[in-house]
Engineer: 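Sharing a structure with you now.
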Amino acid sequence: MSARAIPRQLLPDTTTVSTDGRMSVGGVDIAELAAEFGTPLFVYDEDHLRARCREAVETFGDGVAYATKAFLCVAMAKLAYEEGMHLDVATLGELHVARAGGVPVSHLVFHGNNKSAAELAEAMKAGVGRIVIDSFDEIDRIEAVYAEIGVVAKALIRITPGVEAHTHEFIATGQDDSKFGFTVSTGLADQAIARAKASPAIELLGIHAHIGSQVFRIDSMRQSAAVLAEISQRFNLPELSVGGGLGVAYVGGEEAPTISQWGRSVLEATGQAGIDAHVLAEPGRSIVATAGMTVYQVGTVKELEGLRTYVAVDGGMSDNPRPVLYGSGYEAFIADRADATRTKEVRVVGKHCESGDIIIRQALVPEDIAVGDLLVTPVTGAYGHSLASNYNKVTRPAVVFVSNGNARLVVRRENLDDLTRLDVL
């Protein structure tokens, strides 16, 4: 644990701290954002988002897709498309939001390990750019839909390359024992590719793999790319997607590769294999994670002498379940004393009726932390809003984008009426 200021690499690109310690993002004071939009509040640096999208396009070229599961709303879909990205969606819901953001269906890549016949029919009728086939059962369903509507599915085959991602088991997907894809080591990948190539219902464009999320080791991704390259070359396929999963730093002392560094590594691996296929990728977390932060208000400071200090905020596992799911770590600072020395160790907890509702197990904060302070957790742009829930019937937070001194509301805060909107008496 360090008493130093929040490491700069954990903050959005346009973050500044004034001489009196007040933090701003996109030229907007965080405390002023909290006063206008309330807390908890997701704040995104729009310039940061656009810069990472542009980096991805510059690295991989046309066809690189933003993985929307990391964070999706209409404004985000529109922004990613404006910056030249395609979008990776995994449900009809994500597909619907992407289209609402003006993304053409031809720019959508449709994932999912258990797509229903209805979902496939909707995607095929709409003309989705790519369907990523995940099982033989899915091939059966695609062929049944084709027999009914006569539309050919443009597709990639998802393979499981048998590569260890060295990440949390819940977000590791490239090992042989996975619910995703066709396993290379058992020969299923070759069988699936052969069947898809022979099917009149499928226009097979290439293969895809995704070995996991929050991956720091580029060599694992490079190894996966090499496996993909060999298969692509053997079957003479025009496209090869290396997926996504690039990790980001969440706490001081962590370092993560950039999108450009990751891209150079996998492109070098595929280049050495001598393939002609167009190499694609699907970054998500690395686009949005560090661009976003969550602003809370402190409601309770509970000192337990000889044990610990609890700092309770007005959010919790409903807006950030990652600590509960994966044991994820975060840093914290106070919005109007962002450069203050952090020497007091506390446990930051939420307001839910769960002892496990912990946002930061061991957080360093200023000694004078008090009720009413605005506590900010950086690097919450990925899998915070997208995993948010109404547990304990809390209302989900608002989302604002900030840029050039302006803040725009892109997702309004839920109200109490939203909690009963779907109820039927």
Side-chain angles (χ1 to χ4, degrees), residues 56 59-60 63-70 88 90 109-114 130 132-135 156-190 192-193 206-233 237 239-250 254-273 275 277 279-287 289 322 325-326 328 382-383:
T59 300
F60 290 100
V64 62
Y66 167 59
T68 63
K69 63 183 178 181
D88 147 10
V109 183
F110 192 30
H111 281 273
N113 70 300
N114 188 27
R130 304 288 183 270
V132 182
I133 297 174
D134 210 281
S135 68
L156 307 176
I157 292 288
R158 178 165 181 168
I159 71 169
T160 310
V163 174
E164 172 58 54
H166 302 285
T167 188
H168 193 285
E169 63 175 314
F170 291 175
I171 49 177
T173 59
Q175 71 281 5
D176 284 352
D177 184 6
S178 172
K179 76 175 187 178
F180 298 102
F182 298 93
T183 311
V184 172
S185 64
T186 61
L188 292 178
D190 279 14
I193 293 169
I207 54 176
H208 170 280
H210 178 74
I211 64 171
S213 296
Q214 190 56 358
V215 180
F216 286 99
R217 292 177 56 167
I218 286 183
D219 60 334
S220 295
M221 293 180 161
R222 185 185 177 96
Q223 184 182 348
S224 175
V227 173
L228 288 172
E230 187 278 327
I231 296 172
S232 176
Q233 188 174 45
L237 297 169
E239 293 182 4
L240 182 163
S241 175
V242 297
L246 183 65
V248 302
Y250 280 92
E254 287 186 340
E255 292 186 11
T258 65
I259 294 171
S260 299
Q261 290 169 336
W262 165 49
R264 283 196 296 270
S265 179
V266 298
L267 289 170
E268 183 179 282
T270 54
Q272 288 176 350
I275 66 168
V279 179
L280 303 171
E282 296 167 351
R285 187 193 310 263
S286 55
I287 299 286
R322 292 188 68 253
L325 287 172
Y326 314 126
S328 307
Y383 304 104

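Note that this is a predicted model, so its numbers are computed, not measured.
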Engineer: Which pair of heavy atoms, one from Y250 and one from R285, lies closest together, and at what distance?
Structural biologist: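 Here Y250 and R285 meet closest at OH-NH1, 2.8 Å.
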Engineer: Please confirm whether H210 and H111 have ring centers closer than 6.0 angstrom.
Structural biologist: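 No - the distance between ring centres of H210 and H111 does not fall below the 6.0 Å cut-off.
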Engineer: Holding to side-chain contact (heavy atoms from CB on, under 4.5 Å), I want the full list of residues that pass it with A67, two or more places apart in sequence or in another chain.
Structural biologist: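 Partners of A67 under the side-chain contact (heavy atoms from CB on, under 4.5 Å) test: D88.
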Engineer: Report yes if some heavy atom in the side chain of I287 is under 4.5 Å from a heavy atom in the side chain of P283; otherwise report no.
Structural biologist: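 Yes, close enough: below the 4.5 Å cut-off.
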Engineer: Give, for atom OH of Y326 and atom OH of Y383, the distance between the pair rounded to the nearest 0.5 Å.
Structural biologist: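 Going from the OH atom of Y326 to the OH atom of Y383 covers 7.5 Å.
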Engineer: Roughly how far, to the nearest 0.5 Å, is OG1 of T258 from CG of L246?
Structural biologist: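 Here the rounded value is 7.5 Å.
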Engineer: Can you give me the closest heavy-atom contact between V242 and A281, atom names plus distance?
Structural biologist: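 The pair with the smallest heavy-atom distance is CG2-CB, 3.9 Å.
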Engineer: S265 and Q261: side chain to side chain contact (heavy atoms under 4.5 Å, CB included), yes or no, with the steps?
Structural biologist: CA-CA 6 Å; S265 179; Q261 290 169 336; over 6 Å; no
Engineer: Would you compute the distance between atom OG1 of T59 and atom CD1 of I259 and round it to the nearest 0.5 angstrom?
Structural biologist: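 One finds 7.0 Å between OG1 of T59 and CD1 of I259.
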Engineer: F182: which residues meet the ring pair (Phe, Tyr, Trp, His ring centres under 6.0 Å) condition with it, sequence neighbours left out?
Structural biologist: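 Ring pair (Phe, Tyr, Trp, His ring centres under 6.0 Å) list for F182, sorted by chain: F136.
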Engineer: State, to 0.1 Å, how close A273 and Q233 come at their nearest heavy-atom pair, and which atoms those are.
Structural biologist: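 Scanning both residues completely, I find the closest heavy atoms to be O-NE2, 3.0 Å.
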Engineer: Who passes side-chain contact (heavy atoms from CB on, under 4.5 Å) against L280, sequence neighbours left out?
Structural biologist: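 L280: side-chain contact (heavy atoms from CB on, under 4.5 Å) contacts with E239, S241, H278.
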Engineer: Going by the rule side-chain contact (heavy atoms from CB on, under 4.5 Å), which residues pair with A256 if we only count those two or more places apart in sequence or in a different chain?
Structural biologist: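 For A256 the side-chain contact (heavy atoms from CB on, under 4.5 Å) partners, ignoring immediate neighbours, are F216.
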Engineer: For V227, check side-chain contact (heavy atoms from CB on, under 4.5 Å) against everything at least two apart and list the hits.
Structural biologist: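 Residues passing side-chain contact (heavy atoms from CB on, under 4.5 Å) with V227: P161, V184, I231.
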Engineer: Who passes side-chain hydrogen bond (donor to acceptor under 3.5 Å, both in side chains) against D190, sequence neighbours left out?
Structural biologist: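 Scan of D190 (side-chain hydrogen bond (donor to acceptor under 3.5 Å, both in side chains), adjacent residues dropped) gives R234.
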Engineer: Among all residues two or more places apart in sequence or in another chain, which pass the side-chain hydrogen bond (donor to acceptor under 3.5 Å, both in side chains) test with S328?
Structural biologist: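 side-chain hydrogen bond (donor to acceptor under 3.5 Å, both in side chains) check on S328 returns R322.
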Engineer: The criterion is salt bridge (charged side-chain N to carboxylate O under 4.0 Å, His left out); which residues satisfy it with E268, sequence neighbours excluded?
Structural biologist: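 With neighbours one apart ignored, the set is R222.
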Engineer: Between H208 and G243, which heavy-atom pair has the shortest distance, and what is it?
Structural biologist: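 H208 and G243 have their closest heavy atoms at NE2-CA, 3.9 Å.
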